[in-house]
Amino acid sequence: MKRVLSVQDISCLGKCSLTVALPVISAAGIETAILPTAVLSVHTWFNSFTFHDLTDEIAPICKNWKEHDFGFDGISTGYLGSFRQIELVEEVFAMFDKPGMLKLVDPVLGDHGKFYVGFDNKFAKRMGQLCGKADVIVPNLTEASFMLDEEYKAGCCSEKYIRELLKRLADLGCPNVVLTGVSYEKGKYGVAAWNAEKEEYSTYFGEEQPGTFHGTGDLFSAALFAALISGQQMYKALETAVEFTVESIRKTLENPDHVPYGVEFERAIPLLLRKLELI
Ligand code: PXL
């Protein structure tokens, strides 16, 4: 069985970060170790939350895993709360590095042109450096703009603009860039990707869904990671992750009592398993 590590916070209620990554990657038949960076009562979309920092646990936990001789086929990261945590993630990458180990970084910084609480341009620049150590990065348009010190353009963009953005993101040092939240045509919404080594550009679009939901970036990132670890090629993995995210939103919208703080991904897991050809 493949074993991976997911490094991000636990927002105890709210369906994002580890409470999404763990069930999704595990459902794909992959052993998923977790390295929680902080425990929050709820994610920072809510107007109040508790926050317990776990930075000091990261190095001892990893040291203990090394003593047990554990290794990983991949490491993925999401929300990181401080400069120190980014530095520690770089150390975790180096500590467990081995040929073929997949490092996926979701540079969680913000959405809809705004930073999440507590983040700023200096932090975005540092996150850009972490992206340079990854094999795959999955920024949304807001995060890409912040990391590149570009003005965020709402409702943009031409294909030419996106292709340039992808290349500039690859210049951060990461060979595979997947930009989320891209739309070139009404009713179609998805991702654009650039492989800098093969100079290959690809896109995958699903059916656009109304409304915005929290945690869909984390969901996409978890599904893409699971698909790549399962051996799907990038183009196929993009289809898997986009269709799973779309299905999660579709299921959420079917429920008249749905909540805005997270999507009903649980009911989309059968689709994920079909896309991964596990059922
Ligand atoms: O979904 C990204 C995310 C993860 N973790 C925490 C967050 C957010 C976004 O707001 O607040 C704690």
Side-chain angles (χ1 to χ4, degrees), residues 1-8 17-18 20-35 65 69-78 89 92-107 130-139 166 169-170 173-180 182 190-206 216-248 265-266 268-279:
M1 199 179 211
K2 295 260 173 83
R3 181 193 298 119
V4 299
L5 172 62
S6 179
V7 188
Q8 48 193 326
S17 42
L18 277 181
V20 165
L22 180 56
V24 168
I25 305 168
S26 297
I30 300 161
E31 179 184 348
T32 311
I34 59 167
L35 190 47
W65 284 340
D69 212 18
F70 285 127
F72 302 106
D73 297 298
I75 301 179
S76 80
T77 75
V89 162
V92 174
F93 281 170
M95 199 168 174
F96 291 99
D97 205 17
K98 62 176 185 187
M101 189 184 79
L102 182 74
K103 298 181 289 281
L104 183 147
V105 168
D106 182 359
L130 177 63
C131 286
K133 305 231 157 71
D135 303 303
V136 184
I137 57 171
V138 292
L166 286 168
L169 286 162
C174 177
N176 287 288
V177 179
V178 177
L179 191 61
T180 64
V182 174
V191 297
W194 173 248
N195 181 312
E197 282 160 358
K198 297 185 195 150
E199 302 211 318
E200 239 169 48
Y201 166 78
S202 56
T203 55
Y204 188 85
F205 298 103
T216 49
D218 297 354
L219 197 61
F220 172 81
S221 164
L224 181 69
F225 187 56
L228 292 170
I229 291 288
S230 302
Q232 288 193 337
Q233 294 301 304
M234 181 58 88
Y235 179 76
K236 190 76 192 149
L238 293 177
E239 176 187 326
T240 297
V242 169
E243 290 300 343
F244 173 59
T245 308
V246 170
E247 178 75 352
S248 299
F265 72 88
E266 299 88 340
I269 284 188
L271 177 135
L272 176 67
L273 302 192
R274 285 195 297 276
K275 287 279 172 193
L276 294 174
E277 295 177 47
L278 292 171
I279 53 170

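For E200 and S202, the side-chain atoms include no donor-acceptor pair closer than 3.5 Å.
The distance from atom SG of C174 to atom CG of L169, rounded to the nearest 0.5 Å, is 9.0 Å. Summarising the geometry, atom CD belonging to E31 is positioned 9.5 Å from atom CG belonging to D73; distances are rounded to the nearest 0.5 Å. The line from CD of E243 to CG of L272 is 11.5 Å long, rounded to the nearest 0.5 Å. Here CE of M101 is found 7.5 Å from CG of D135. Values are rounded to the nearest 0.5 Å.
The shortest side-chain heavy-atom distance between M234 and N176 falls under the 4.5 Å cut-off. Using a 4.5 Å heavy-atom cutoff, the side chains of W65 and L35 are in contact. At a threshold of 4.5 Å between non-hydrogen side-chain atoms, the residues L238 and L224 count as touching. The side-chain heavy atoms of T245 and F265, taken from C-beta on, include no pair separated by under 4.5 Å.
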### Task
Report the C-alpha separation of K133 and V105 in whole Å, then their side-chain angles, then the decisive distance to 0.1 Å, and conclude whether the side-chain contact (heavy atoms from CB on, under 4.5 Å) test is met.
CA-CA 9 Å; K133 305 231 157 71; V105 168; over 6 Å; no

### Derivation and outcome, side-chain contact (heavy atoms from CB on, under 4.5 Å), residues F205 and V182
CA-CA 8 Å; F205 298 103; V182 174; 4.0 Å; yes

### Message
Could you go through W194 and E199, starting from their C-alpha distance and side-chain angles, then the distance that decides it, and tell me whether this counts as side-chain contact (heavy atoms from CB on, under 4.5 Å)?
### Response
CA-CA 7 Å; W194 173 248; E199 302 211 318; 3.8 Å; yes

### Task
Would you please test D106 and Q8 for side-chain contact (heavy atoms from CB on, under 4.5 Å) and show each step?
CA-CA 10 Å; D106 182 359; Q8 48 193 326; over 6 Å; no

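Put simply, the residue from V24, V20, V246, V178 that forms a side chain to side chain contact (heavy atoms under 4.5 Å, CB included) with F220 is V178.
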